[in-house]
Amino acid sequence: MPQTAPTEVDFHFDPMCPYAYQTARWIRDVREQTGLQINWRFFSLEDVNRVEGKKHPWERDWSFGWSLMRIGAMLRRHDPQLLDRWYERIGRELHEDGGRPHDPDRARELLDEIDAPAGTFDAALADTTTHDEIKADHQRVLDAGGFGVPTLFFADQALFGPVLVDPPFGADALRLWELTIGWLDFPHVYEIQRPKSPADHATINQVFEPYLRGRDWVSINRGKIVEFADTAGKSKEDSP
């Protein structure tokens, strides 16, 4: 474990990613127990796995995860806590309730639920600089050699993961936190991966059933349509 535990982390997410959402649940619990500062940052699965010939998400009038992040960028300008509440609320809507926060009408309703400033929805979509904020956060991950979410930055070190389906809480959450930040002591340890058994795939699909029910897109990884259980935060959330 590092000599001094980090007091803040930049957490890059795409609101459409069910794995990032579960990891966010865990790290929020760590925050409650330790006072950790979480700086929410963006990453676009829509763009990183864009199929050749399809529009970039910023070229569309409305693009599921990208547009929700544009709203998040506008909220972050007002108060980072609003972005925290926005991500939690739209994530819960999709990944636990099987709803469709990526539907514009529903997104407006959810903004009202978190007491966002009046006019946030229209202001975010009218302001082209919200595209720029997402692009900058996204590019930071790519420049670090990253490829998906959740990606965590601790100063100049980036870690992909932990990738979770059943996030731990309480003492177990702190134990996983200690294991995660322990990687910072070994900057040339690049990867440990647990293979997924058929039982694991069944668990993943069971836990993420609300997401599968709520999504309106096909998941794509490196230009190929894939089964959901294989996407692990690397799939494209491809809106029309």
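Position 1 is the first residue of the sequence; numbering continues from there.
With sequence neighbours left out, H95 forms a side chain to side chain donor-acceptor pair (under 3.5 Å) with no residue at all. Scored by the side chain to side chain donor-acceptor pair (under 3.5 Å) test, R76 finds E133, D137 as partners (sequence neighbours excluded). L179 pairs by the side chain to side chain contact (heavy atoms under 4.5 Å, CB included) definition with R175, not counting sequence neighbours. Among residues two or more places apart in sequence or in another chain, the ring-ring contact (aromatic ring centres under 6.0 Å, His included) test is passed with H56 by W58. By the salt bridge (charged side-chain N to carboxylate O under 4.0 Å, His left out) test, D103 is found to be paired with no residue, residues two or more places apart in sequence or in another chain being considered. E209 is linked by a side chain to side chain contact (heavy atoms under 4.5 Å, CB included) to R213, counting only residues two or more places apart in sequence or in another chain. Not counting sequence neighbours, the partners of R100 by the side chain to side chain donor-acceptor pair (under 3.5 Å) test are D216. Under the side chain to side chain contact (heavy atoms under 4.5 Å, CB included) criterion, T129 pairs with R77, D127, D132, not counting sequence neighbours. Listed by chain and residue number, F13, W40 satisfy the ring-ring contact (aromatic ring centres under 6.0 Å, His included) test with Y87 (two or more places apart in sequence, or in another chain).
A donor-acceptor pair under 3.5 Å is formed between the side chain of R70 and the backbone N or O of A124.
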For residues 109-117, tabulate all N or O donor-acceptor pairs below 3.5 Å that involve a side-chain atom, not counting sequence neighbours.
residue : atom : partner : partner atom : Å
E109    : OE1  : R106    : NH1          : 2.7
E113    : OE1  : R89     : NE           : 2.7
E113    : OE1  : R89     : NH2          : 3.2

Determine all donor-acceptor pairs shorter than 3.5 Å in which one atom belongs to a side chain in residues 31-38; sequence neighbours excluded.
residue : atom : partner : partner atom : Å
R31     : NH1  : D84     : OD2          : 2.7
R31     : NH2  : D84     : OD2          : 3.3
Q33     : NE2  : D29     : OD2          : 2.7
Q33     : NE2  : G170    : O            : 2.9
T34     : OG1  : V30     : O            : 2.8
T34     : OG1  : L36     : N            : 3.2
Q37     : NE2  : N39     : OD1          : 2.8

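Geometrically, R140 engages F153 in a cation-pi contact, judged by NZ or CZ lying under 6.0 Å from the ring centre and within 45° of the ring axis.
With hydrogens and angles left out, the side-chain atoms of E96 and Y21 include a donor and acceptor closer than 3.5 Å.
Two different hydrophobic clusters hold M69 and M74 under the rule that ILVMFWY side chains link at heavy-atom gaps under 4.5 Å.
Considering all non-hydrogen atoms of both residues, Y19 and L164 come closest at CD2-O, 3.7 Å. What you find for V141 and F147 is that their closest heavy atoms are CG1-N, 4.1 Å. Of all heavy-atom pairs between F121 and A107, the closest is CE1-CB, 4.0 Å. Shown here for P101 and L68, the closest heavy-atom pair between the two residues is O-CD2, 3.4 Å. Contact between L152 and T180 at its shortest, heavy atoms only, is CD1-CG2, 4.5 Å.
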**Message:** Would R60 and E46 count as a salt bridge (Lys or Arg N to Asp or Glu O under 4.0 Å) here? Give the steps.
**Reply:** CA-CA 12 Å; R60 302 166 179 162; E46 292 175 273; 3.7 Å; yes
**Request:** Please step through side chain to side chain contact (heavy atoms under 4.5 Å, CB included) for the pair W177 and D172, ending with a clear verdict.
**Result:** CA-CA 9 Å; W177 175 244; D172 287 342; over 6 Å; no
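The distance between the ring centers of F42 and W86 does not fall below 6.0 angstrom. You'll find the ring centres of H12 and F43 outside the 6.0 Å limit.
Screening residues 145-166 for salt bridge (Lys or Arg N to Asp or Glu O under 4.0 Å) gives no qualifying pairs among residues at least two apart or on separate chains.
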